[in-house]
Amino acid sequence: MEQVEVPPFRYTAEMANRIEARWQDYWRQNGTFHAPNPVGPLADAQHPRYGAEKMFVLDMFPYPSGAGLHVGHPLGFIGTDVFARFNRMAGRNVLHTMGFDAFGLPAEQYAVQTGTHPRKTTEENIERYRAQLSMLGLGHDPRRSVATTDVEFYRWTQWIFLQIYNSWFDADQKKARPIAELEAQLAHLPASERRKIVDSKRLAYVSQAPVNWCPGLGTVLANEEVTADGRSERGNFPVFKRNLKQWMMRITAYADRLIDDLDVLDWPEPIKLMQRNWIGRSTGAYIDFSSIRVFTTRPDTVFGATYMVLAPEHAKVDELVADEWPDGTHAVWTGGHATPREAVAAYREFTASKSDVERQADAKEKTGVFIGAFAMNPVNGAHIPIFIADYVLAGYGTGAIMAVPGQDERDWEFAEVFELPIIRTVEPPASFDGKAYTGEGPAINSGFLDGMDIAQAKAAIIEWLEARGFGEGAVTYRLRDWLFSRQRYWGEPFPIVFDEHGNAIALPDSMLPVELPDVADFAPKTFDVNDADSEPETPLSRAKEWVEVELDLGDGPRVYRRETNVMPQWAGSCWYQLRYLDPTNEQHFVDPANEAYWVGPLSGKPSGGVDLYVGGVEHAVLHLLYARFWHKVLYDLGHVSSYEPYQRLYNQGYIQAYAYRDDRGAVVPAEEVVEEQPGIYVWNGQKVDREYGKMGKSLKNVVTPDEMCSQYGADTFRVYEMSMGPLDVSRPWDTRAVVGSQRFLQRVWRAVVDEHTGSTVVSGDPAPVEVKRLLHKTIAGVREDMAELRFNTAIAKLIELTNALTKLDGTPRDVAEPLVLMLAPFAPHIAEELWHRLGHAGSLTYVDFPQADPAMLVDATVTYPVQVNGKVRGRIEVAADAGEDAIRAAALDAVSIVDAKKVIVVPGRLVSVVA
RNA sequence: CCUGAUAUGGCGCAAUUGGAAGCGCGUCGGUCUUAGGAACCGAUGAUUGCAGGUUCGAGUCCUGCUAUCAGAACCA
């Protein structure tokens, strides 16, 4: 199969690899991608882009996996690199680098599996990851790379934690303020009382509350890390609710700003929607039914409340439950139990026995039981029965609802099962024949509200309730405070110690960093995955000599006990992009001048933030919500000038791959499968079935960038990934198609370099005018595509231009040079090489990207198709500036029609004749 | 069940404000050639998911449906 004779200067994989190594060395030695800061050690007034318009391009913080990269991983990295390189050539000062999110569960689990210390495996993995990425020729500024596990990095993570801990949220000003200002306000109180109040207001606080305990991982988890069916996102272990003492972050204080500020961000709508849903703001009212406070979004329907429902766990249930069934209690209400107490106990046992999955599967069948007590509807004095039912959740609102079956589908279903009365309080349209009606309409059966529309009625009833002390307007959220501690080893230690009374004390900044101690046994204590009653045990608590520490915190040396929980993986990724801006600064986590330059607010972008942030959708509510929260705290405290971290967000798609199974269902290696006929796949002589999914070891369909680089070269690989389709759409990998991209680069190469002699073959003759026009059309189109990240269409245009070029006898320099420059963002190594062979010294990184000449974008003559009754019957060629009458006449002449009913001339497009 | 996205030659994708359905890969043929090839030249290939509607004109706008993918999970 080997070629007998390949021209010595053909652009083969070997040639590509030589060129790539040469230019990567050049970039490294010359610091080509160093981006100058305004101030500090990274400032460089000699840099061609010093002080220019800035552009901060960011990839989501990768976790350096021990498994290595497959071809799907670099997709976004290549996309940001293309964008960054284009913007450098377009005159901007571009900051692009990459660091590593190296703390956290996966790193620790990998270390436990391999029996080595997580620091060692993490550092090895980072090295391996860097080596794999460096082959691709990404234009990163290596001076700015950080890892969350660097002591100098997490020193500042701890510092930010202290900022948050030492703040409180002023609800009037709607912003965080230093805790010292609150202490000053409470100066009149005794110290112990003041401390209690202050501690209860901190943005980071310790609470004893129901949390997600995951015995299989041996740690607690944030709500965001638990899947809808009650399992851990990482590892898929069961998760149980346990009352435990844990660190929390008061993210709920920022719920409104986290929702409202989405409006100024350039993010995909689906992501904004997911954040809004997760925060789950609902406006309505609290209403008191006797001693029970409910939350409702529909206070206007209160006249239709015919019963109440409490969550089975509601604190008031035990107090309210009656000793005996009241006279005349419906049989269906009792669940067949002799007394309300028995019924309540039995129902609680029934709901506790159901897993979350079962609860959801059973959601359509309403269950519940009457507790034998009644409450009074404050608007009409009606005594309505109180039920407990699992369709009301303890964690939302007040854990109690007024049930209005007329306007709520769930309440209607419940009312049908328990034979409860139904009163409509909004008049449905005559055509409505459903059950609960949730649409617009005038109020009915509602006393003084009758006739009002929903909005009017809501306002009126809230005013009425407030005037009489029966309730108040209110806003509730689905968002809970963020559970911030983990019972693991591989994370940032808290800069917190406890005194002999168990009071938490923040360490002063001067005692940072608190270094993670080396321990022999870093494995977390894990339990049987279903052992809900197990107790978390932190690995750090075993490091006795570290935990017990003598410090002088102002009142002489005393012995304290260190906090032994660690921070969750999300901590470092909440602020890493700020450290990229000023990675060597030892005085500040980022210098204010550098922060203002790179991410400060600009006109049209009031929030400031990263100019382009590329990553997968899977971080929609975890990382992106936490990072926004931290950033806002830093903004409130005056540490940053931007109030959002990421101005423009772009979600890349995934590269997926086919996998094949034989008739026993066993996966066979995908690369050994051949397609004998369309749709018929064969492996080792046997027919196999094809399926589509993620790329991974278990499906035996992994293709690595290493293989692609050695078989085709990095530039071919980059061009292929970028030309496969729009960046935000998932697409299947197809190794056989990569060759198309290689042929394209070979054609470009051949246009400039003689394959046999290696000499440069461009001519000084001007290009034919039609090629010249195509060139300028291509420039204009590629520039537009670049701004919108439409790399696939940009490449398609370059291919068309190249194909037009290969048809010419010689390659004119005035086309070859702009083509090479436009190719550079996608295939930087070959472009640098060709640029060099075209006689230019140095790198093209900061050479101006070609500009289209507007005069070349309009043709001298225009060809119009002539349609008759919608069918093309002829074409005419007229001068581009011809008047409409002339075009009309020429068109009618061309199709030999004299008595057209109507003639439509679309300038520059076509002529349509209605005969 | 709800929400959102997508549907265009065999495959992957284009098509500006509604204005000539294109590109690349594959396939086929030819050139060069002892041969091979990732070289060169040329060609084949579409009822734009389905059914209606608006329009001189619809891939594009409107209505209804189907399929695939993703997300949400009784949030009062």
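Taking 3.5 Å as the limit, the base of rC23(B) and the side chain of Lys797(A) contain no donor-acceptor pair of atoms between them.
Glu800(A) places its CD atom 12 Å from the C1' atom of rC13(B), with the value rounded to the nearest Å. Look at CZ on Arg298(A): it is 14 Å from P on rC75(B), rounded to the nearest Å. The distance between atom CG of Asp728(A) and atom C1' of rA14(B), rounded to the nearest whole Å, is 15 Å. Trp267(A) has its CH2 atom 18 Å from the C1' atom of rG4(B), to the nearest Å. The CH2 atom of Trp733(A) sits 13 Å away from the C1' atom of rG12(B) (whole-angstrom rounding). Rounded to an integer number of Å, the gap from OH of Tyr654(A) to C1' of rA70(B) is 10 Å. Remark: C1' of rA76(B) and NZ of Lys366(A) are 12 Å apart, rounded to the nearest angstrom. A straight line from CZ of Arg276(A) to P of rC2(B) spans 22 Å, rounded to a whole angstrom.
Heavy atoms of Gln867(A) sit under 4.0 angstrom from at least one base atom. Among the protein residues, Leu910(A) comes within range of the nucleic acid bases, having at least one heavy atom under 4.0 Å from a base atom. Using a 4.0 Å heavy-atom cutoff across all strands shown, Arg743(A) reaches sugar-phosphate atoms only and no base atom. Within the nucleic acid shown, Asn803(A) comes within 4.0 Å of sugar-phosphate atoms alone, with no base atom in reach, counting heavy atoms only. At the heavy-atom level, Arg480(A) lies nowhere under 4.0 Å from the strands shown. Backbone-only engagement by Thr296(A) is indicated by non-hydrogen atom pairs under 4.0 Å involving sugar-phosphate atoms exclusively. No engagement by Asp408(A) is indicated, since no non-hydrogen atom pair under 4.0 Å with the nucleic acid exists. Nucleic acid contact for Thr476(A): none, since no nucleic acid atom lies under 4.0 Å from a heavy atom of the residue. Counting non-hydrogen atoms under 4.0 angstrom, Gln746(A) reaches a base of the nucleic acid. Counting non-hydrogen atoms under 4.0 angstrom, Val906(A) reaches a base of the nucleic acid.
Between Arg790(A) and Gly397(A), it is Arg790(A) whose nearest contact on RNA chain B lies nearer the 5' terminus.
Base pairing of rC25(B): its partner is rG10(B), meeting the Watson-Crick or G-U wobble criterion (both donor-acceptor distances under 3.5 Å).
Closest to the side chain of Pro270(A), from the set rG4(B), rA38(B), rC13(B), is rG4(B). In the set rG71(B), rC13(B), rA38(B), rC13(B) carries the atom at the smallest distance from any side-chain atom of Val729(A). The listed nucleotides are rC41(B), rA76(B), rA39(B); the one nearest the side chain of Lys807(A) is rC41(B). Residue Pro732(A) has its side chain nearest to rG12(B) when only rG4(B), rA76(B), rG12(B) are considered. Distance from the side chain of Ile904(A) is smallest for rC56(B) among the nucleotides rG71(B), rC56(B), rG12(B). In the set rC13(B), rG4(B), rG26(B), rG26(B) carries the atom at the smallest distance from any side-chain atom of Val739(A). Residue Arg478(A) has its side chain nearest to rC75(B) when only rC13(B), rC75(B), rC74(B) are considered. For Phe295(A), counting side-chain heavy atoms from C-beta on, the closest listed nucleotide (rC40(B), rC74(B), rA76(B)) is rA76(B). Of the candidate nucleotides rC40(B), rG19(B), rC41(B), rC40(B) has the atom nearest to the side chain of Arg750(A). Picking from rG4(B), rA76(B), rC56(B) the nucleotide with the shortest atom distance to the side chain of Lys902(A) gives rC56(B).
Contact between the side-chain N/O atoms of Ser282(A) and the OP1/OP2 oxygens of rA76(B) is found at a separation under 4.0 Å. Between Asn792(A) and rC23(B), a side-chain N or O to OP1/OP2 separation shorter than 4.0 Å is absent.
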Fill in: side chain to side chain donor-acceptor pair (under 3.5 Å) between Asn701(A) and Tyr660(A), intermediate numbers included
CA-CA 9 Å; Asn701(A) 58 358; Tyr660(A) 303 86; over 6 Å; no
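Remark: Glu409(A) CD is loosely packed, at most 12 non-hydrogen atoms of other residues, nucleotides or ligands lying under 6.0 Å away.
Between Phe350(A) and Pro312(A) the shortest side-chain heavy-atom distance does not fall below 4.5 Å.
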Show me, pair by pair, the donor-acceptor contacts under 3.5 angstrom made by side chains of residues 269-276 of chain A, not counting sequence neighbours?
| unit_1 | atom_1 | unit_2 | atom_2 | d |
| --- | --- | --- | --- | --- |
| Lys272(A) | NZ | Leu262(A) | O | 3.0 |
| Lys272(A) | NZ | Leu265(A) | O | 2.8 |
| Gln275(A) | OE1 | Arg628(A) | NH1 | 2.7 |
| Gln275(A) | NE2 | Ala620(A) | O | 2.7 |
| Arg276(A) | NH2 | Asp263(A) | OD1 | 3.4 |

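Phe418(A) does not carry Lys366(A) over the face of its six-membered ring by the limits of under 6.0 Å from the centre and within 45° of the normal.
Thr778(A) is linked by a side chain to side chain donor-acceptor pair (under 3.5 Å) to nothing, counting only residues two or more places apart in sequence or in another chain.
Ring pair Tyr720(A)/Trp733(A) is perpendicular by interplanar angle, where above 60° counts as perpendicular and below 30° as parallel.
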